[in-house]
Student: 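Dropping a structure here in structure tokens format, bear with me for questions.
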Amino acid sequence: MRIDLHAHTTASDGLLDAEALVMEAASRGVGLLAVADHDTTGSVDLAIGSGRRAGVEVWPAVELSCDVDAGEVHMLGYFIDHHVDWFQGLLGRLRDGRWHRAERMVEKLVGLGAPVDFARVEALAGGGAIGRPHVARALVEAGWVRDVADAFDRFIGRSGPAYVERLKVTPAEAVAILRAAGGLAVLAHPGWARRDEWIDELAPAGLDGIEVYYPDHTPELIARYRAAAVRHGLLITGGTDFHGGTLATRVPVGSQYVPEEIIRPLRERAASRRPALVPPAVALAVE
Ligand code: AMP
Ligand code: MN
Ligand code: MN
Ligand code: MN
């Protein structure tokens, strides 16, 4: 059985909706799938329902983007109790922040001469959490860039002329939020940033795990993060970060090797965690 604990849908910046993702996963032999959209759990219940019909176990998950001076940290949350009101309220605020930020990025792009408009970006997002990939796709359609990667390289990457910050939480806040929502907090794709000190800092702050198995991780990085997990007593996760098409990691759902032995410890730790009635204190900040 294949395992994929990191996939996106049209609820955020993925190309497949919940049903299509689950069908694609099933056809590739995935028996366990976690739907981890950016700042939304909008596809979780649909995916669980499709999974029941298709014989795929689906875990509720989410991916929060965090603020740090040096770059981007993403925090995955597994087994979050996604129906908790305060949690949905917080995700809603993060999505509003994304919406305003996309609007400002489009303004900057128009200022640079790009023939894009916000209505098209919104349409591509289809009511889901708007992200830079939607802006990038609008730029591709408009013929202003060659492909999505080109849009990030030249315009909307962190140091690009049309990049705009948005409302985010700190990594420690993300850990607190995900745990208070009854879930496990897992540092996503640590190989992106290569800042191992974040693991050292977040482990005592309640981090539950690290995403060790990931398409961009070389065998050396996998060994390194496995060792870090053992050192800090952290759980191990893995997945493709599947978005569909040529977005993000560009690999098929379920194609990342994830050992089955990591599953039981995740289930066991989550079983003893209950959602809190009130949210942790967080200051949503724009960098
Ligand atoms: P956002 O959440 O709006 O900040 O956009 C980040 C998303 O854009 C990530 O989740 C990836 O799906 C995608 N992404 C980030 N960097 C790149 C890149 N260099 N090329 C293509 N897609 C990227
Ligand atoms: Mn994404
Ligand atoms: Mn990510
Ligand atoms: Mn992701």
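Whatever order the structure lists them in is the order used to number ligands and atoms, beginning at 1.
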Student: Using a 4.0 Å heavy-atom cut-off, say whether D13 meets ligand 1 through its side chain, its backbone, both or neither.
Tutor: side chain
Student: Quick check on contacts: which atoms of ligand 1 are under 4.0 angstrom from a heavy atom of G131?
Tutor: 3 (O)
Student: Do any heavy atoms of R101 fall under 4.0 Å from ligand 1?
Tutor: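 Heavy atoms of R101 do come under 4.0 Å of ligand 1.
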Student: Just which atoms of ligand 1 are under 4.0 Å from any heavy atom in H243?
Tutor: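 Taking each heavy atom of H243 in turn, ligand 1 has 10 (O), 12 (O) under 4.0 Å.
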Student: Assess whether a salt bridge exists between E268 and R273, defined as any Lys/Arg side-chain N lying under 4.0 Å from an Asp/Glu carboxylate O.
Tutor: no
Student: Less than 4.0 angstrom from a charged side-chain N to a carboxylate O is my criterion; do R98 and E122 meet it?
Tutor: no
Student: Donor-acceptor pairs under 3.5 angstrom involving side-chain atoms of residues 22-30: please list them, not counting sequence neighbours.
Tutor:
from: E24; atom 1: OE2; to: R28; atom 2: NE; distance (Å): 2.9
from: S27; atom 1: OG; to: E24; atom 2: O; distance (Å): 2.8

Student: Does the pair R224/D196 count as a salt bridge with the N-to-O cut at 4.0 Å?
Tutor: yes
Student: Is R98 in contact with ligand 1, taking contact as a heavy-atom separation below 4.0 Å?
Tutor: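 Yes, that is the case, since the closest heavy atom of the residue is under 4.0 Å from the ligand.
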Student: Go through the structure and list residues passing salt bridge (charged side-chain N to carboxylate O under 4.0 Å, His left out) with E57, not counting sequence neighbours.
Tutor: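 Partners of E57 by the salt bridge (charged side-chain N to carboxylate O under 4.0 Å, His left out) criterion, ordered by chain and then number, come out as R267.
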Student: Does the gap between the ring centers of Y225 and H217 come in under 6.0 Å?
Tutor: yes
Student: In terms of side-chain geometry, is the basic nitrogen of R120 or E141 positioned less than 4.0 Å from the acidic oxygen of its partner?
Tutor: yes
Student: Can you tell me if D4 uses its side chain to pair, donor with acceptor, with the backbone of V253 under 3.5 Å?
Tutor: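 Checking the backbone N and O of V253 against the side chain of D4, no donor-acceptor pair under 3.5 Å is found.
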Student: Can you name the atoms of ligand 1, numbered from 1 with element, that are less than 4.0 Å from a heavy atom of H38?
Tutor: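 Counting atoms of ligand 1 from 1, those under 4.0 Å from H38 are 10 (O).
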Student: Output yes when E19 and R53 qualify as a salt bridge under the 4.0 Å nitrogen-oxygen rule, no when they do not.
Tutor: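 Between R53 and E19 there is a salt bridge, with a charged N closer than 4.0 Å to a carboxylate O.
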Student: Out of F152, Y163, W192, who gets a non-hydrogen atom closest to atom 21 (C) of ligand 1?
Tutor: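 The option holding the nearest heavy atom is F152.
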Student: I want to know if ligand 1 touches S65 in the polar sense, i.e. an N/O pair below 3.5 angstrom.
Tutor: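 N/O-N/O distance below 3.5 Å does not exist for this pair.
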Student: Quick one: which residue pairs count as a side-chain hydrogen bond (donor to acceptor under 3.5 Å, both in side chains) with a foot in residues 242-259, not counting sequence neighbours?
Tutor: D13-H243
Student: Should you measure from each heavy atom of P133, which atoms of ligand 1 turn up under 4.0 Å away?
Tutor: 5 (O), 7 (C), 8 (O), 12 (O), 13 (C)
Student: If every non-hydrogen atom of S12 is compared with every non-hydrogen atom of H38, which pair is closest and at what distance?
Tutor: OG-N, 3.3 Å
Student: Atom 6 (C) of ligand 1: which protein heavy atom is closest, and how many Å away?
Tutor: R132 NH2, 3.7 Å
Student: Restricting to distances shorter than 2.8 Å, give the number of protein N, O or S atoms close to the Mn ion (ligand 4).
Tutor: 4
